[in-house]
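Presented below is the structure to which this report refers.
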Amino acid sequence: MRRKLAAGNWKMNGTGAALSELEALCKSHPDASVDILICPPATLLSRAADTVRGSAVTIGGQDCHAASAGAHTGDISAEMLLDAGATSVILGHSERRVDHEEHDEDIRAKACAAMDAGLKAIICVGESLEQREAANTLDIIGGQMSGSIPDQATGENLIIAYEPIWAIGTGKVPTLDEIGEVHDFIRARLERRFGEGVGRSVRLVYGGSVKPSNAAEIFAVSNVDGALVGGASLKARDFTGIIQALESV
Ligand code: PEP
């Protein structure tokens, strides 16, 4: 049985004042039947880790460097995330692939570093609108998976987020059939590469305009084990609605 996951990506949003939302989220979830993860900006990680202590909420990073230390101004290593209280790190988000020109091989190296440090790597894959319209979605996802997932992946250290780029922050969502097709494809690819045991144990979450109002129907799709949520994770009330939908699947 794969444990469900509701993950929130705060992106470059939030100063200390935003911790009140995290505090409210923790109060609503002293325990939970699903995993709850919030990935705040790096500046809030330590304070966020203090805030969630004793609750069902855990904390993650939004990126890490592939090296463990060194002359990399402005970067953060996986060990540093762990030291700050993170359990997980998002890697290869489409905004990093675009804004920072990250390629699959960079993401693979970062994922190796994260896994070596003891973090769970949440590797994001997803197609652009042009790629979907050209019927290339599965080729793109397959290529991203081969290029960015390290051989050392297991159900413990890897989570895959399917995030169609055109659905992120736009309010547009693929049909449930489209989500199911991609998630089934990812599952089959994982089983082919890693064997049934590992392939079936990796959690697959969907991301792209998930809200309390559409979460339940998305969570009912086969091979959807939860969500990676941007905008709707910023407010405790919205994110709680999504968590409750996941708990009732
Ligand atoms: C994201 O950025 O990972 C995301 C899914 O954003 P949103 O939920 O705002 O579409």
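Throughout, residue positions are numbered sequentially from 1 according to the sequence presented. Counting convention: from 1, in listed order, for ligands and their atoms alike.
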Query - Whether Ala232 lies under 4.0 Å from ligand 1, heavy atom - result: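 No heavy atom of Ala232 comes that close to ligand 1.
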Query - Whether Ser233 lies under 4.0 Å from ligand 1, heavy atom - result: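 Heavy atoms of Ser233 never come under 4.0 Å of ligand 1.
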Query raised in the report: Quick one: which of Val221, Leu228, Ile218 gives a side-chain contact (heavy atoms from CB on, under 4.5 Å) with Tyr206?
Result: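 For Tyr206, the side-chain contact (heavy atoms from CB on, under 4.5 Å) check succeeds only for Ile218.
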List every atom of ligand 1 that sits less than 4.0 Å from any heavy atom of [X], numbering the atoms from 1 in the order shown and giving each element.
{"X": "Gly208", "result": "5 (C), 10 (O)"}
{"X": "Gly169", "result": "7 (P), 9 (O), 10 (O)"}
{"X": "Ile168", "result": "1 (C), 2 (O), 4 (C), 6 (O), 10 (O)"}
{"X": "Ser209", "result": "7 (P), 8 (O), 10 (O)"}

Query - Distance-only donor-acceptor check, side chains Ser222 and His183, under 3.5 Å - result: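 No, no side-chain donor-acceptor contact under 3.5 Å.
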Report task. Report yes or no: do Gln62 and His93 form a side-chain donor-acceptor pair below 3.5 Å? Result ->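 Not at all, the side chains of Gln62 and His93 share no donor-acceptor pair under 3.5 Å.
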What is the nearest protein non-hydrogen atom to [atom], stated with its residue, atom name and distance?
{"atom": "atom 9 (O) of ligand 1", "answer": "Gly231 N, 2.9 Å"}
{"atom": "atom 4 (C) of ligand 1", "answer": "Gly230 N, 3.5 Å"}
{"atom": "atom 1 (C) of ligand 1", "answer": "His93 NE2, 3.2 Å"}
{"atom": "atom 3 (O) of ligand 1", "answer": "Glu163 OE2, 2.7 Å"}
{"atom": "atom 2 (O) of ligand 1", "answer": "Lys11 NZ, 2.5 Å"}

Query raised in the report: Is the shortest side-chain N to carboxylate O distance from Asp151 to Arg108 below 4.0 Å?
Result: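 Yes, Asp151 and Arg108 are salt-bridged.
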Query raised in the report: Is the closest basic N to carboxylate O distance between Arg53 and Asp50 below 4.0 Å?
Result: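 Salt bridge between Arg53 and Asp50, a charged N being under 4.0 Å from a carboxylate O: yes.
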Requested in this report: Compare every heavy atom of Val57 with every heavy atom of Ile38, then report the nearest pair and how far apart it is.
Outcome: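 For Ile38 and Val57, the tightest heavy-atom pair comes out as CG1-CG1, 4.1 Å.
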Query raised in the report: Given that the side chain starts at C-beta and the backbone is N, CA, C, O, which of these parts of Ala167 lies under 4.0 Å from ligand 1, counting heavy atoms, or is it both or neither?
Result: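 It is the backbone that touches ligand 1; the side chain stays farther off.
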Requested in this report: Could you tell me whether the side chain of Ile160 reaches within less than 4.5 Å of the side chain of Gln144, counting heavy atoms only?
Outcome: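 Gln144 does not reach Ile160 side chain to side chain.
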Query raised in the report: Around Glu105, counting heavy atoms of other residues, nucleotides and ligands shown, do more than 12 lie under 6.0 Å from its CD?
Result: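 Count over threshold, so yes.
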